[in-house]
Amino acid sequence: MKAVIFDMDGLMFDTERVHIMAWDYAAEKLGWDCPGIDMVKKTLGMSIPAAEEVWRSILGDSYDRDALDKYSSEFLTDYFENNKVPVKEGLYPLLDRLDEYGYKYAVASSTNMHGVMRNLKSAGLESRFDALVTGDMIENSKPAPDIFLKACELLGVKPDEAFALEDSRNGLLSAINAGCRTIMIPDLWEGEEEIDRLLFAKCDTLNDVINIIGDID
């Protein structure tokens, strides 16, 4: 094994809950009766264009992409001006251990490059990763394997030489479909038997991944 590929939202950073608050803020402004937790859970791991299809199917004619962008951006801008990105337990120790083991590592996130860089800079990790693959760099969103295949290409490894760390159903299927050894660290979604059978491992936190990779190494 030569590399580790990280999802970002819900895996590296506890940002899914921030997105829920942003959705609730926008929905209140727009008079939408759709709780943020439901809308975010339905689109975990998806790029914005893919998620937009889901939102449009639920909201119908009341869906207004420009207004949603305006109010959610308003909330997120204020949030990140006053708060550091919430970092998941074990992220920094895991990265340090990967350096010791000589692993390459990448981010493979459905979020666009702007959002990925904002979070990485907030966490002091903007120059830490060997490669970044974001939702605006690929044609097909998770659960298609494109984003993990691209990350492997940029890292110069075969998919079966890479661990993929994910928390969402779409993300896990994307990594599995790409042929990576896939490890789940649950966040908003706890998993299901059908997916669990396909995993290399399932961990409570990123700290637990350290032991798995150490044993393999």
Side-chain angles (χ1 to χ4, degrees), residues 1-16 19 40 43-51 85 87-88 90-92 94-95 97-99 101 103-123 125-189 191 195 198-203 205-206 209-210 212-213 216:
M1 302 301 289
K2 299 178 180 178
V4 177
I5 304 172
F6 291 75
D7 175 47
M8 185 184 71
D9 293 303
L11 189 286
M12 293 170 54
F13 307 124
D14 194 14
T15 41
E16 299 292 14
H19 295 156
V40 170
T43 55
L44 287 174
M46 292 183 180
S47 65
I48 290 297
V85 63
V87 178
K88 284 282 198 167
L91 177 61
Y92 294 118
L94 175 55
L95 294 177
R97 191 59 59 89
L98 293 179
D99 288 338
Y101 291 152
Y103 275 69
K104 297 178 181 179
Y105 43 93
V107 173
S109 172
S110 297
T111 298
N112 61 31
M113 182 62 79
H114 171 76
V116 169
M117 288 306 301
R118 177 197 63 207
N119 290 345
L120 291 178
K121 288 178 180 178
S122 178
L125 297 172
E126 64 268 32
S127 59
R128 190 77 184 262
F129 288 82
D130 297 293
L132 303 177
V133 187
T134 59
D136 47 351
M137 293 172 61
I138 57 167
E139 182 176 355
N140 298 306
S141 179
K142 300 173 184 178
D146 301 36
I147 196 164
F148 284 99
L149 293 175
K150 184 65 175 179
C152 289
E153 176 188 334
L154 293 177
L155 292 173
V157 301
K158 299 175 183 177
D160 62 4
E161 296 174 329
F163 290 105
L165 309 183
E166 269 285 359
D167 65 288
S168 72
R169 189 179 194 278
N170 286 322
L172 292 164
L173 288 173
S174 176
I176 291 165
N177 291 335
C180 299
R181 290 194 185 186
T182 305
I183 300 174
M184 180 182 185
I185 301 91
D187 183 46
L188 295 181
W189 184 69
I195 303 297
L198 303 175
L199 299 176
F200 181 77
K202 190 173 183 178
C203 299
T205 72
L206 292 172
V209 178
I210 295 174
I212 291 173
I213 292 177
I216 296 295

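Small disclaimer: the values here were computed from a predicted structure and weren't measured.
- Across all their heavy atoms, F148 and A178 have their closest contact at CB-CB, 3.7 Å.
- To the nearest 0.5 Å, atom CG of residue L95 and atom CZ of residue F129 are 5.0 Å apart.
- T134 and D136 form a side-chain donor-acceptor contact under 3.5 Å, judged by distance and modelled atom types alone.
- Remark: side-chain polar atoms of T182 are paired, donor with acceptor, to backbone N or O of C180 under 3.5 angstrom.
- The pair K142-E166 meets the salt-bridge criterion, since a charged nitrogen lies less than 4.0 angstrom from a carboxylate oxygen.
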Query raised in the report: When you look at V4 and I183, which way does the side-chain contact (heavy atoms from CB on, under 4.5 Å) test go after all the steps?
Result: CA-CA 10 Å; V4 177; I183 300 174; over 6 Å; no
Requested in this report: Before giving the answer on side-chain contact (heavy atoms from CB on, under 4.5 Å), spell out for V40 and L188 the whole-Å C-alpha distance, their side-chain angles and the decisive distance to 0.1 Å.
Outcome: CA-CA 9 Å; V40 170; L188 295 181; 4.2 Å; yes
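- In this structure, K202 and P186 have side chains that are in contact, with non-hydrogen atoms separated by less than 4.5 Å.
- Separating the CG atom in L120 from the CG atom in L132 is a distance of 6.0 Å, to the nearest 0.5 Å.
- Rounding to the nearest 0.5 Å places CD1 of I147 at 7.5 Å from OG of S141.
- Across all non-hydrogen atoms, the minimal contact from R128 to D99 is NH2-OD2, 3.0 Å.
- With a 4.5 Å cut-off on side-chain heavy atoms, I176 and F200 do not count as touching.
- The shortest distance between side-chain heavy atoms of D160 and R181 does not fall below 4.5 Å.
- Using a 4.5 Å heavy-atom cutoff, the side chains of V209 and F163 are not in contact.
- The one candidate from D7, L206, D167 that meets the side chain to side chain contact (heavy atoms under 4.5 Å, CB included) condition with I185 is L206.
- Under the 4.5 Å side-chain criterion, counting only non-hydrogen atoms from C-beta, L91 is not in contact with L11.
- At a threshold of 4.5 Å between non-hydrogen side-chain atoms, the residues L199 and L172 count as touching.
- Of all non-hydrogen atoms in M8 and N119, the two that sit nearest each other are CE-ND2, 3.3 Å.
- Donor-acceptor pairing under 3.5 Å is lacking for the side chains of R97 and Y103.
- Contact detail for L149 and P159: the closest heavy-atom pair is CD2-CG, 3.9 Å.
- Of all the heavy atoms in N170 and L44, the pair that sits closest is ND2-O, 3.0 Å.
- Using a 4.5 Å cut-off on side-chain heavy atoms (C-beta onward), T111 and D9 make contact.
- A donor-acceptor pair is defined here as one N or O able to donate and one able to accept, closer than 3.5 Å; such a pair exists between the side chain of N177 and the backbone of P143.
- A salt bridge is defined here as a Lys NZ or Arg NE, NH1 or NH2 lying under 4.0 Å from an Asp or Glu carboxylate O, and E153 with K150 meets this definition.
- Using a 4.0 Å cut-off between a side-chain N of Lys or Arg and a carboxylate O of Asp or Glu, E161 and K2 qualify as a salt bridge.
- Remark: side-chain polar atoms of T43 are not paired, donor with acceptor, to backbone N or O of M46 under 3.5 angstrom.
- Separation of atoms OH (Y105) and CG (L98) is listed at 6.5 Å; rounding is to 0.5 Å.
- Taken to the nearest 0.5 Å, the CD1 atom of I5 stands 6.0 Å off from the CG atom of L155.
- To the nearest 0.5 Å, the span separating OG on S122 from CE on M117 amounts to 11.5 Å.
- Residues K88 and M12 have side chains not in contact (no heavy-atom distance under 4.5 Å, counting atoms from C-beta outward).
- Of all heavy-atom pairs between A201 and I212, the closest is CB-CD1, 3.5 Å.
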